[in-house]
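For clarity, every value in this text was computed on a predicted model and none was experimentally measured.
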Amino acid sequence: NLEGTVYIASPTSVQRIFSADLSYRKGAWVLHMLRGVLGTEAFFDLLAAYRDRFAYGSATTADLESVAEEVAGRDLGWFFAEWVYGGGAPAYRSGWREHEIGGQRYLEISLEQTQADPVFTMPLELEVLAGGRPLRTTLWNHGRLQHFLLPVPAPVAAVDVDPDDWILTRSVRDAAFVGGPPKVVAVALAPGSPLRAGETLVLEIGFHEDVVIDAADVRLLRADGLEVALDVSYDSVTFTSTVRSLHPLSGGRYELVLGDTVVDADGGLPLDGEMVDAAGRPLLPSGDGLPGGAAVIGLEVLGSRRPSQRLHPQP
């Protein structure tokens, strides 16, 4: 029974309290998923802490959630809302295709939740068979339809969603790939273009698919708010945009902002742009899997120091 909840709001029915489907089978699977979310070591730390705090007494669901969050060091309200207090379960449908851009191979995944229930937020494990080797990664799935772009070392033969059955699902099915928004895959200084005071900036920005972009979509802002005039060109063969400052740059911190007015050439979906994760770490390829959101690339212009020719977004 996927529709009912593990939580019993009004425990007046002995039959409901001891429901084989909800209290035992679904309840056990919810704990199994919580172990997957926390990791095995943290999960058993949770059980030990919960036992120490409430042994020979009573506890509520809210008490379990509180101890779990203490052990995990993060909010778990989303998990309890979905799997303890809420009913239903996700049904996943996924497709994939490959790209080779600038000598790097990428796997693009379209992942859709097809159930009538609201969207479920879950870390979703993926096993990719690339070059005869299984590779594991975890996707943060929180949208009805998301697209993920993953660097891979070799051609992909197969993709397996939730290979170890961590998640209680209605179904997991393969399907044709569904196109998604463009992502930034590379940010680099043009060859021979040092990033130092008194020089003009020449920056190359690579996308994973063909886009529509012009000068109105790109802004270069100095830390004091001054906007630098730019020339923006685009090569539809390499999916690379070249951004040039029209004047030499002074030293200091800058932000290059690609608006989500950049869209893919075929479907018109806006850029999936966010360039840092929740901890502020830079991410390439860009995006959270959903269309929309500017890409912000941090730059620092230093005296005569010559940085690496490949830049990474800065928090």
Side-chain angles (χ1 to χ4, degrees), residues 101-102 104 106 149 151 180-265 268-315:
I101 306 164
Q104 172 64 57
Y106 294 91
L149 191 66
K183 297 172 181 286
V184 178
V185 294
V187 180
L189 292 171
S193 174
L195 188 63
R196 60 191 180 201
E199 300 285 347
T200 56
L201 171 70
V202 184
L203 195 65
E204 295 178 345
I205 301 168
F207 300 90
H208 90 285
E209 61 184 4
D210 193 15
V211 301
V212 178
I213 183 173
D214 59 31
D217 303 314
V218 187
R219 302 178 70 196
L220 181 61
L221 304 173
R222 204 167 65 185
D224 61 6
L226 177 69
E227 184 165 356
V228 179
L230 299 172
D231 174 74
V232 177
S233 59
Y234 178 67
D235 184 341
S236 61
V237 175
T238 62
F239 308 154
T240 300
S241 178
T242 301
V243 176
R244 295 178 174 85
S245 63
L246 296 183
H247 307 289
L249 302 182
S250 58
R253 186 77 175 267
Y254 293 78
E255 282 188 343
L256 185 75
V257 181
L258 301 180
D260 58 11
T261 49
V262 176
V263 298
D264 78 280
L269 287 173
L271 178 71
D272 183 8
E274 305 81 4
M275 300 288 285
V276 296
D277 64 13
R281 293 183 293 263
L283 289 176
L284 281 175
S286 68
D288 62 357
L290 299 171
V296 179
I297 302 162
L299 307 171
E300 190 166 356
V301 178
L302 303 174
S304 60
R305 179 181 172 187
R306 182 185 294 267
S308 167
Q309 289 295 299
R310 180 160 295 276
L311 304 180
H312 296 284
Q314 301 173 3

(message) One pair to check against side-chain hydrogen bond (donor to acceptor under 3.5 Å, both in side chains): D217 and T261. What are the steps and the verdict?
(response) CA-CA 6 Å; D217 303 314; T261 49; 2.6 Å; yes
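- Here the closest heavy-atom approach between residue A294 and residue V257 is recorded as CB-CG1, 3.9 Å.
- Scanning all heavy atoms of the two residues, the minimum distance from G273 to S286 falls at O-CB, 3.7 Å.
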(request) List the steps, then state whether side chain to side chain contact (heavy atoms under 4.5 Å, CB included) holds for L201 with L299. (result) CA-CA 10 Å; L201 171 70; L299 307 171; 4.0 Å; yes
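- Side-chain atoms of S241 come within 3.5 Å of backbone N or O of S233 as a donor-acceptor pair.
- To the nearest 0.5 Å, atom CD of residue E255 and atom CD1 of residue I297 are 10.0 Å apart.
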(request) Might you work through the side chain to side chain contact (heavy atoms under 4.5 Å, CB included) test for I213 and F207, ending with a clear yes or no? (result) CA-CA 11 Å; I213 183 173; F207 300 90; 4.0 Å; yes
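- V184 approaches L284 most closely through the heavy-atom pair O-CD2, 3.5 Å.
- Taking both residues in full, the closest heavy atoms of T242 and E204 are given as OG1-CG, 4.1 Å, listed atom of the first, atom of the second, then distance.
- Using modelled atom types, one side-chain atom of H208 and one backbone atom of K183 make a donor-acceptor pair closer than 3.5 Å.
- A donor-acceptor pair is defined here as one N or O able to donate and one able to accept, closer than 3.5 Å; no such pair exists between the side chain of D272 and the backbone of G293.
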(request) Report the C-alpha distance between L220 and V243 in whole Å, list the side-chain angles of each, state the deciding distance to 0.1 Å, and finish with yes or no for side chain to side chain contact (heavy atoms under 4.5 Å, CB included). (result) CA-CA 10 Å; L220 181 61; V243 176; over 6 Å; no
(message) Apply side chain to side chain contact (heavy atoms under 4.5 Å, CB included) to residues V218 and I205 and explain how you reach the verdict.
(response) CA-CA 11 Å; V218 187; I205 301 168; 5.6 Å; no
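- T200 contributes no side-chain N or O that, together with a main-chain N or O of L246, makes up a donor-acceptor pair within less than 3.5 Å.
- Across P151 and Q104, no two heavy atoms sit closer than the pair CB-NE2, 3.8 Å.
- The closest donor-acceptor contact from the side chain of D264 to the backbone of P182 lies at 3.5 Å or more, if one exists at all.
- Looking at every heavy atom in both residues, P248 comes nearest to G198 through CB-O, 3.5 Å.
- Of the possible donor and acceptor atoms, none in the side chain of Y254 sits under 3.5 Å from a partner among the backbone N and O of V301.
- Looking at S236 and D210, their side chains never bring a donor and an acceptor atom within 3.5 Å of each other.
- S245 pairs in a side chain to side chain contact (heavy atoms under 4.5 Å, CB included) with only one of the listed residues (V202, V228, D231, L203), which is V228.
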